[in-house]
Amino acid sequence: MTASEQRFVVVTTTHESEEQARALASAVVRERLAACAQVYPVRSVYWWEGEVQDAEEWRIDLKTRAELADRLGAFVAGRHSYATPEVVAVPVVAGSPGYLDWLAAETAG
């Protein structure tokens, strides 16, 4: 692992509909807060309002530089329909140099 590989994170959030998830993903990439967004269906089981919930959701994985994680989180939270949206950043511990160079080049400077 090199120092450059520690500079990146994958930020995950979910949305209740595919349309909302795609719109949020596009807005994030358009703002250059992430270089790439992947949107796919998931089944979420979670504790909310005193009981277990089971829901279909749309997961969005956003690839970005670690230094943008706070801005990205605020952007997502400000445009999300959930009262408490999931915004979780996981560090990238390894990656192909070409992909990481692209990711750095395509995000806000």
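Heads up: numbering here begins at 1 and tracks the sequence.
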Determine, step by step, whether R32 and E106 satisfy the side chain to side chain contact (heavy atoms under 4.5 Å, CB included) criterion, reporting the C-alpha distance in whole Å, the side-chain angles of both residues, the deciding distance to 0.1 Å, and the verdict.
-> CA-CA 7 Å; R32 311 287 300 247; E106 297 303 324; 3.1 Å; yes
Once you round to the nearest 0.5 Å, how far does [atom1] of [X] lie from [atom2] of [Y]?
X   : Y   : atom1 : atom2 : value
D54 : Y46 : CG    : OH    : 8.5 Å
R59 : Q38 : CZ    : CD    : 9.5 Å
Y40 : D61 : OH    : CG    : 3.5 Å
L24 : T13 : CG    : OG1   : 6.5 Å
K63 : F8  : NZ    : CZ    : 13.0 Å
E57 : S17 : CD    : OG    : 10.5 Å

In this structure, would [X] and [Y] fall into the same cluster of hydrophobic residues linked by side-chain contacts under 4.5 Å?
X    : Y   : result
L103 : L72 : no
W102 : V92 : yes
V29  : V11 : no
V10  : V87 : no
L68  : V90 : no

Stepwise side chain to side chain contact (heavy atoms under 4.5 Å, CB included) check, T107 with L33 | CA-CA 6 Å; T107 50; L33 293 174; over 6 Å; no
How are the rings of H15 and H80 set relative to one another: parallel (under 30°), tilted (30 to 60°) or perpendicular (over 60°)?
-> parallel
Is the closest side-chain heavy-atom distance between Q53 and V45 below 4.5 Å?
-> no
Between R22 and the options Q20, E18, E19, the side-chain hydrogen bond (donor to acceptor under 3.5 Å, both in side chains) test singles out E18
Answer yes or no: is there a donor N or O on one side and an acceptor on the other, between the side chain of Y82 and the main chain of A77, under 3.5 Å?
-> no
Backbone N or O of A23 within a donor-acceptor pair of the S26 side chain at under 3.5 Å?
-> no
Report yes or no: is the cationic atom of R71 (NZ for Lys, CZ for Arg) closer than 6.0 Å to the six-membered ring centre of F75, at no more than 45° off its axis?
-> no
For D70, look at atom CG and say whether over 12 heavy atoms of other residues, nucleotides or ligands are found less than 6.0 Å away.
-> no
